[in-house]
Amino acid sequence: AVDPACAMVDGIVVVITQPNADDGTVAALRDRDHQLSVAQRMARLSMWRWNTSSGAVEWLDGAGRGIGISGESKGMGDYLDGIHPDDRQGHDAMLQALLTGHLRHGEVDLRYRWEDGWRHWHLWAESVVDSGGQVTELWGTTQEVTARREAEAAVRRLAMTDSLTE
């Protein structure tokens, strides 16, 4: 069901409709939002947006699951300070390629400082351009992959010391 609103504009009748809260649309949207939130939490996946003009980074999951930065809007410097020094060059090269239009999207693995040491993250980013072709934002995801990286390292160590794999 909809609640129509009518108005007369320059002799033309304009009818504006919007969903009624009773039709289940709002409930369905809340349910989908909850499902997405659960999936992101289970996958250790965070979404973010960087406004290249203001420099503000916003964690869109709102839960502070980003790479140790709260869900509040923070500057890019807050984010960059946590990247392992050995991983900054690859990270910065990808960002530069996105900002200059040489890449439309890119991804990189990096280590990020955490309370208990370094954690491994996979970063995926995509540029958003305006009608003039200028990059205005970067949108992306971060996913914690520490357990996967540690398992991969264990497999490599075992393969090097196991007589069956020599």
Side-chain angles (χ1 to χ4, degrees), residues 27-166:
L29 288 173
R30 282 190 187 124
D31 187 50
R32 294 293 278 182
D33 187 56
H34 177 72
Q35 291 172 7
L36 178 60
S37 178
V38 169
Q40 286 177 307
R41 188 172 56 252
M42 291 172 77
R44 297 179 181 216
L45 182 72
S46 291
M47 295 174 59
W48 53 268
R49 163 173 66 198
W50 175 32
N51 181 312
T52 58
S53 298
S54 70
V57 177
E58 179 183 7
W59 295 97
L60 301 174
D61 58 20
R65 282 191 312 273
I67 38 189
I69 299 175
S70 74
E72 301 169 11
S73 183
K74 297 284 184 171
M76 191 60 159
D78 295 321
Y79 161 72
L80 293 173
D81 287 344
I83 297 174
H84 191 282
D86 293 342
D87 298 337
R88 275 294 295 272
Q89 183 177 2
H91 172 273
D92 293 354
M94 181 195 71
L95 280 187
Q96 188 61 32
L98 287 165
L99 291 170
T100 58
H102 291 96
L103 280 180
R104 177 77 170 104
H105 57 83
E107 52 191 305
V108 66
D109 284 341
L110 54 86
R111 289 164 287 176
Y112 203 85
R113 186 180 321 125
W114 207 261
E115 304 90 31
D116 59 354
W118 296 99
R119 294 203 182 170
H120 293 265
W121 292 88
H122 182 78
L123 172 72
W124 186 92
E126 177 176 284
S127 57
V128 177
V129 297
D130 63 16
S131 60
Q134 296 298 308
V135 175
T136 59
E137 293 183 322
L138 295 182
W139 285 65
T141 60
T142 58
Q143 183 175 31
E144 186 185 358
V145 292
T146 304
R148 184 182 340 160
R149 294 297 178 261
E150 289 172 353
E152 290 167 353
V155 167
R156 283 191 300 274
R157 278 192 307 275
L158 290 171
M160 294 173 80
T161 59
D162 186 355
S163 62
L164 294 175
T165 58
E166 290 182 10

With rounding to the nearest 0.5 angstrom, report the [atom1] to [atom2] distance, [X] to [Y].
| X | Y | atom1 | atom2 | result |
| --- | --- | --- | --- | --- |
| Glu144 | Arg119 | CD | CZ | 4.5 Å |
| Trp50 | Leu99 | CH2 | CG | 4.5 Å |
| His120 | Arg149 | NE2 | CZ | 7.5 Å |
| Leu95 | Leu80 | CG | CG | 7.5 Å |
| Arg111 | Asp86 | CZ | CG | 5.0 Å |
| Leu103 | Gln96 | CG | CD | 11.0 Å |

Under 3.5 Å, side chain of [X] to main-chain N/O of [Y], donor-acceptor pair present?
| X | Y | answer |
| --- | --- | --- |
| Arg113 | Asp81 | yes |
| Thr52 | Val135 | yes |
| Thr136 | Val129 | no |

Where is the tightest heavy-atom contact between [X] and [Y], given as atom of each residue plus distance?
| X | Y | value |
| --- | --- | --- |
| Ile83 | Trp118 | C-CZ3, 4.1 Å |
| Trp48 | Leu138 | CZ3-O, 3.5 Å |
| Met94 | Ala125 | CE-CB, 4.3 Å |
| Thr100 | His102 | OG1-ND1, 2.6 Å |
| Arg49 | Glu137 | CD-OE2, 3.2 Å |

For atom CD of Gln35, decide whether the heavy atoms of other residues, nucleotides or ligands shown that lie under 6.0 angstrom number more than 12. yes
For Ser53, which residues count as a side-chain hydrogen bond (donor to acceptor under 3.5 Å, both in side chains) partner, sequence neighbours excluded? none
Applying side-chain hydrogen bond (donor to acceptor under 3.5 Å, both in side chains), can you list everything that pairs with Trp124, at least two apart in sequence or on another chain? none
Please step through side chain to side chain contact (heavy atoms under 4.5 Å, CB included) for the pair Leu123 and Trp121, ending with a clear verdict. CA-CA 6 Å; Leu123 172 72; Trp121 292 88; 6.0 Å; no
Are side-chain heavy atoms of Glu150 and Thr146 found at a separation under 4.5 Å? yes
Strictly by salt bridge (Lys or Arg N to Asp or Glu O under 4.0 Å), give each pair with a member in residues 88-97 just once, sequence neighbours left out. Arg88-Asp92
